[in-house]
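Data block below; observations after.
Each ligand, and each atom within it, is numbered from 1 in the order the structure gives. Because the structure is predicted, anything quoted here is derived from the model rather than measured. All values below come from the heavy atoms of this structure, side chains included, with hydrogens, waters and symmetry mates left out.
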Amino acid sequence: MSSPPIQRALERIDLLGSISDNSNFRVRTLLSPANRRAAATLKDWMEKAGLTVEHTIDGSVRGILPGSNPEAPALLLGSHFDTVIDAGAYDGPLGILSALAAIETLQEEGIELPFPVHILGFSDEEGVRFHTTYIGSLGMLGQLDKARKAATDKDGNSLSFVLATEGWSNDASEICYQAENVRGYVELHIEQGRVLEELQLPACGVSALVGQTRLKVIIEGQADHAGTTPMPIRRDALAGAAECIVELERLAKECESAVATVGQIEVHPGAANAIPQTATFSVDLRHADNEERLRLKNEFLKNFKFIAARRGLTLNWQTILNDDATPCDTRLTEQILDSVETTTGHRTTLVSGAGHDGVIFSRITPIGMIFVRCRDGLSHHPDEYASPEDIAIGIEILVHFLRQQSTSQDG
Ligand code: GLV
Ligand code: MN
Ligand code: MN
């Protein structure tokens, strides 16, 4: 039988999961109506637990529990609550709601921590609306750079315009963490892979997060009539893009541990009876080794150029993201592993193939992560699932970690 905080966390995951902008599938993107409702719901739950809650202009949420020494550097816990399109309910929300359940458990035990805990809910991390990730965490560090602010959504509005015109002004406050005010950032997340299931482990620590390169590739050809233009003289941008995409897949399969994905493509003019003039597609390339990632990027771009030239097409690309692999802090990870071991009997770490807001927080503070097993490793899919038993173990790990932190001499 679960404790009330764990039971509440499970119910809250379902409740938050029911908040969507689309009645047929789950989606919450930056400052959408569902994103705002989800933020208000989180605020309500955090306030019920006695946290003082603020939200930033992008709708991210921060709940503060001062502890017995409000001036001490804060421990940051949390994750994101924006989603991909047709998402599951666990990617992101599990980290926020597990943190809340861990705090509620300590409150039930009458334990007051000797430092503040901030529970953070970011919007957004997935980058669906602006094709650029980590907007919430970058905002909280005051590090939203010009390039990200200039990114545009599908209506052509820039992020800076949207923040100024749609931003959550009610009680909005700029939250800029500095290194000296923070003792660490810890995020609990579903694994989003199959390793824990194969190892038959409910949870583990994380040693590092892979590096990521994201590009927008634009191939330009010549639109013409689909019925009257002979095949040999066509300059079909989409056919060129298709060849590039298959070439990318071939190269990634040849390179051990690399993963490459084209998840978005747009065609102009996009009519059944017109040869495509322009094909614009995304590339998401990840590898734990930075040199290998850059080598692969240079190789596929060289081959893309060759394919485009052979077909009489022009090729351009923009770099959307170029993040090197991020190691988790060794000391903090050892502390997390002490809690993982006490709770599960194992001391396992994985490398995260997914990006997480810790990548951004590692710029100012030690970061650590806890992974919880998810069914079939499935994520970014509505069938994403973590069992109540595994979630309970994840929360127990967090509770143990917080208890340890409250008694450790050196903080
Ligand atoms: C975030 O979920 C990512 O794309 O890794
Ligand atoms: Mn995700
Ligand atoms: Mn996530």
Can you name the closest pair of heavy atoms from [X] and [Y] and give their distance?
X	Y	answer
R235	G312	NE-O, 2.6 Å
P202	T344	CG-CG2, 3.9 Å
I57	L31	O-CD2, 3.9 Å

| field | Worked check of side-chain contact (heavy atoms from CB on, under 4.5 Å) between F115 and Q405 | value | CA-CA 9 Å; F115 50 80; Q405 292 287 303; 3.7 Å; yes
| task | Using distance alone, determine whether H380 and ligand 1 share an N or O pair under 3.5 Å. | result |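 Yes, there is a polar N/O contact under 3.5 Å.
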| query | Do any nitrogen or oxygen atoms of G355 lie less than 3.5 angstrom from nitrogen or oxygen atoms of ligand 1? | reply |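 Looking only at distances, the answer is yes, because the N/O contact criterion of under 3.5 Å is met.
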| task | Determine whether the aromatic ring centres of H118 and Y177 lie less than 6.0 Å apart. | result |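 Here the rings of Y177 and H118 have centres that are less than 6.0 Å from each other.
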| query | At the Mn ion (ligand 3), what angle lies between atom OD1 of D91 and atom NE2 of H189, rounded to 10 degrees? | reply |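 It is 80°, given to the nearest 10°.
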| Is the closest heavy atom of R214 to ligand 1 under 4.0 Å? |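 For ligand 1, residue contact (heavy atoms, under 4.0 Å) with R214 is present.
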| said: Using heavy atoms and a 4.0 Å limit, tell me yes or no: is H356 in contact with ligand 1? | reply: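 H356: no contact with ligand 1 (<4.0 Å).
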| Taking just the N, O or S atoms of H80, which one is nearest to the Mn ion (ligand 3)? |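 For H80, the N/O/S atom sitting closest to the Mn ion (ligand 3) is NE2.
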| message | Restricting to N/O/S atoms, is E126 within less than 2.8 Å of the Mn ion (ligand 2) or not? | response |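 True for E126.
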| query | Taking the six-membered ring of F130, is the NZ or CZ of R148 close enough (under 6.0 Å from the centre) and on axis enough (within 45°)? | reply |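 Not satisfied by the 6.0 Å and 45° rule.
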| query | Would a distance-only check, ignoring hydrogens and angles, find a side-chain to backbone donor-acceptor pair under 3.5 Å from S60 to S123? | reply |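 Between the backbone of S123 and the side chain of S60 there is a qualifying donor-acceptor contact (under 3.5 Å).
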| query | With a cut-off of 4.0 Å, which atoms of ligand 1 are near a heavy atom of A354? | reply |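 Those qualifying, in numeric order: 5 (O).
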| query | Which of the atoms in ligand 1, numbered in the order shown and given with their element, are less than 4.0 Å from a heavy-atom of E126? | reply |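 Answer, ordered by atom number: 1 (C), 2 (O).
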| request: Would you mind naming the N, O or S atom of H380 nearest to the Mn ion (ligand 2)? | output: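 Of all N, O or S atoms in H380, the Mn ion (ligand 2) lies closest to NE2.
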| field | side chain to side chain contact (heavy atoms under 4.5 Å, CB included) partner of T349, the single match among T333, V206, V340 | value |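 So, applying the side chain to side chain contact (heavy atoms under 4.5 Å, CB included) to T349 and each of T333, V206, V340, only T333 qualifies.
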| So which protein heavy atom does atom 4 (O) of ligand 1 come closest to, and at what separation? |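 Result: R286 NH2, 2.8 Å.
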